[in-house]
Q: 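Take a look at the following structure, please.
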Amino acid sequence: MSTWPPTLAQYKADQKVGESDTRDDERYRSNLDAAVAFVERVRPGFNYTDHPGSELPAPTADLALGTIRLAARWVARAKSPDAMVNMGEMGTGRVSSFDADIDRLLGIGRHQGPVFA
């Protein structure tokens with residue numbers, strides 16, 4: 001998965017949503033588009049537009065996967081605006097505002113490299 005930007009089909013495959021299930025495609029697409037825009041803004045060191053004269057590297061597979069997982073996290077958070085999710089007999093659980101694995105894939109948060117002012 002090294003295509004950029006990640007596609008809705010890639011999102012649905014990663015989240016195990018059947019291709020024929022189109023009920024939430026608009027919500028998935030809007031969250032994926034927002035995640036792509038976010039990643040392009042916070043990780044500017046890549047050739048996102050596939051410009052032939054650019055010396056920047058192409059987005060990596062882990063960046064694409066992290067973008068998909070970020071979009072999926074936003075979909076899950078939208079279902080629980082109070083950051084709580086009902087887990088049936090186990091009670092409720094908290095949906096955290098960040099995921100260390102996603103941050104690691106994207107190289108953001110505490111997994112970001114050093115920044116010089």
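Since the structure is predicted, the reported quantities are computational estimates derived from the model, not experimental observations.
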Q: Pro59 and Phe46: which non-hydrogen atoms are nearest, and at how many Å?
A: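 Heavy atoms only, the tightest pair is CA-CD2, 3.7 Å.
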
Q: List the atom of Pro6, the atom of Ala64, and the distance in Å for their closest heavy-atom pair.
A: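 Distance-wise, the nearest heavy atoms are CG-O, 3.8 Å.
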
Q: Carefully, step by step, assess Leu63 and Arg43 under the rule side chain to side chain contact (heavy atoms under 4.5 Å, CB included).
A: CA-CA 9 Å; Leu63 198 67; Arg43 294 296 312 272; 4.0 Å; yes

Q: Working to the nearest 0.5 Å, report the span between CG of Leu70 and CG of Asp101.
A: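 That separation rounds to 13.0 Å.
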
Q: What closest approach, in Å, do Gly45 and Pro57 show between heavy atoms, and which atom pair accounts for it?
A: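 Closest pair (atom of Gly45, atom of Pro57, distance): O-CD, 3.5 Å.
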
Q: Report yes or no: does Asp14 contribute a side-chain atom to a donor-acceptor pair with the main-chain N or O of Gln10 at less than 3.5 Å?
A: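 No, because the side chain of Asp14 does not come within donor-acceptor range (under 3.5 Å) of the backbone of Gln10.
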
Q: Should Tyr11 and Asn31 be marked as a side chain to side chain contact (heavy atoms under 4.5 Å, CB included) after you check the CA-CA gap, both sets of side-chain angles, and the distance that decides it?
A: CA-CA 10 Å; Tyr11 174 92; Asn31 279 275; 5.9 Å; no

Q: Report the distance from atom CG of Leu56 to atom OG1 of Thr49, rounding to the nearest 0.5 Å.
A: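 These two atoms lie 9.0 Å from each other.
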
Q: Could you tell me whether a side-chain N or O of Asn47 sits under 3.5 Å from a main-chain N or O of His51, the two making a donor and an acceptor?
A: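 Checking the backbone N and O of His51 against the side chain of Asn47, a donor-acceptor pair under 3.5 Å is found.
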
Q: How many angstroms lie between atom CG of Leu8 and atom CD of Glu26, to the nearest 0.5 angstrom?
A: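 CD of Glu26 is found 11.5 Å from CG of Leu8.
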
Q: If I take atom OG1 from residue Thr7 and atom CZ from residue Arg29, how far apart are they, to the nearest 0.5 angstrom?
A: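 Going from OG1 on Thr7 over to CZ on Arg29, the span is 7.0 Å.
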
Q: Check the orientation of Phe38 and Trp74. Use parallel for under 30°, tilted for 30 to 60°, and perpendicular for over 60°.
A: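 Perpendicular.
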
Q: Report the distance from atom CG of Leu32 to atom CG of Asp25, rounding to the nearest 0.5 Å.
A: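 Output value for this atom pair is 11.0 Å.
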
Q: Quick one: do Val42 and Trp4 end up in the same hydrophobic cluster if we chain Ile, Leu, Val, Met, Phe, Trp and Tyr together by side-chain heavy atoms under 4.5 Å apart?
A: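 Yes: a chain of side-chain contacts under 4.5 Å links Val42 to Trp4.
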
Q: About how many Å separate CG of Leu106 and OG1 of Thr60, when rounded to the nearest 0.5 Å?
A: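 Nearest 0.5 Å value for the OG1-CG distance: 9.0 Å.
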
Q: With salt bridge (charged side-chain N to carboxylate O under 4.0 Å, His left out) as the criterion, how do Lys12 and Asp21 come out once you've worked through the C-alpha distance, each side chain's angles and the decisive distance to 0.1 Å?
A: CA-CA 9 Å; Lys12 290 172 81 170; Asp21 183 355; over 6 Å; no

